[in-house]
Amino acid sequence: MTLHAIRGATQIELNTRDLILEATGQLVTELMVRNDLTADDLISVIFTATPDLTEAFPALGARRAGWTRVPMMCATEIAVPGAPPRIVRMLAHADLDRPRGSVSHVYLRGAAALRPDLALAE
Ligand SMILES: C=C(O[C@@H]1C=C(C(=O)O)C=C[C@H]1O)C(=O)O
């Protein structure tokens with residue numbers, strides 16, 4: 001087994017509880033699908049949210065998507081001038097029986113602009 005770190009990010013349309021939870025659930029689901037993962041493969045997950053997202057913890061969206069027993073943490077992202085607004089980011093640590101570097105990082109919606117080198121064509 002090998003420890004992997006998997007990145008993800010998505011942009012939230014508006015700072016509302018429902019939209020934060022829905023978009024975070026979509027992000028974690030997409031990450032599991034693209035990497036053929038289950039929640040049991042995950043060791044821990046860190047979420048950050050830009051300071052303009054205050055209405056919900058992204059971890060709750062992940063729990064609603066099935067990550068009920070995954071240790072998670074939420075934090076505020078650095079407010080770098082010019083960085084995209086309303087972004088939820090994640091760093092997931094997983095223990096997988098596959099080579100390091102074989103995972104797919106997931107950048108959805110407006111977050112794809114953060115790392116065009118990583119974002120798959122939607
Ligand atoms: C570019 C991003 O935004 C920030 C910059 C990062 C980087 O330069 O690696 C990683 C996470 C964020 O703090 C990103 O989320 O990928």
Side-chain angles (χ1 to χ4, degrees):
M1 301 295 272
T2 304
L3 179 62
H4 292 263
I6 310 173
R7 280 297 327 277
T10 190
Q11 188 168 41
I12 315 299
E13 191 176 345
L14 294 170
N15 179 28
T16 70
R17 176 183 170 84
D18 288 347
L19 289 175
I20 293 169
L21 298 178
E22 177 190 343
T24 304
Q26 179 193 45
L27 176 62
V28 305
T29 300
E30 190 67 19
L31 184 132
M32 286 197 290
V33 168
R34 290 192 195 179
N35 290 286
D36 190 23
L37 291 183
T38 69
D40 289 340
D41 295 318
L42 297 170
I43 295 168
S44 63
V45 185
I46 298 171
F47 290 99
T48 70
T50 46
D52 50 11
L53 293 177
T54 58
E55 295 306 307
F57 294 111
L60 178 57
R63 266 195 294 283
R64 289 183 174 183
W67 293 6
T68 53
R69 293 180 302 175
V70 181
M72 297 183 273
M73 180 69 78
C74 300
T76 300
E77 182 65 52
I78 302 169
V80 174
R86 300 183 312 284
I87 302 287
V88 167
R89 296 172 168 87
M90 62 178 291
L91 178 63
H93 299 102
D95 197 13
L96 304 173
D97 188 12
R98 65 184 82 159
R100 186 155 300 139
S102 62
V103 296
S104 296
H105 305 286
V106 181
Y107 284 73
L108 303 178
R109 303 179 182 183
L114 288 165
R115 292 295 304 272
D117 56 319
L118 293 181
L120 290 175
E122 293 302 319

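When a ligand or atom number is given, it counts from 1 through the structure's own listing order. What you see is a predicted model, and the numbers here were worked out from it, not measured in a lab.
Looking only at protein heavy atoms, the nearest one to atom 13 (O) of ligand 1 is Glu77 OE2, 2.8 Å. Protein heavy atom closest to atom 2 (C) of ligand 1, with residue, atom name and distance, is Arg89 NE, 3.8 Å. The protein atom (non-hydrogen) at minimum distance from atom 9 (O) of ligand 1 is Arg115 NH1, 4.4 Å. Of the protein's non-hydrogen atoms, Arg7 NH1, 3.6 Å is the one closest to atom 11 (C) of ligand 1. The nearest heavy-atom contact from the protein to atom 16 (O) of ligand 1 is Tyr107 OH, 2.7 Å.
Within the 4.0 angstrom cut-off, atom 5 (C) of ligand 1 has no protein heavy-atom neighbours.
In the hydrophobic clustering of this structure, Met32 does not group with Leu21; members are Ile, Leu, Val, Met, Phe, Trp, Tyr whose side-chain heavy atoms approach within less than 4.5 Å, directly or through other members.
In this structure, Thr50 OG1 and Ile12 CD1 are separated by 8.0 Å, a value rounded to the nearest 0.5 Å.
For Thr38 and Asp40, the side-chain atoms include no donor-acceptor pair closer than 3.5 Å.
The number of heavy-atom neighbours closer than 6.0 Å to CD of Glu13, taken from other residues, nucleotides and ligands shown, is 12 or below.
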Subject >> Arg7 and Arg89: CA distance, side-chain angles, deciding distance, side chain to side chain contact (heavy atoms under 4.5 Å, CB included) verdict >> reply: CA-CA 8 Å; Arg7 280 297 327 277; Arg89 296 172 168 87; 3.8 Å; yes

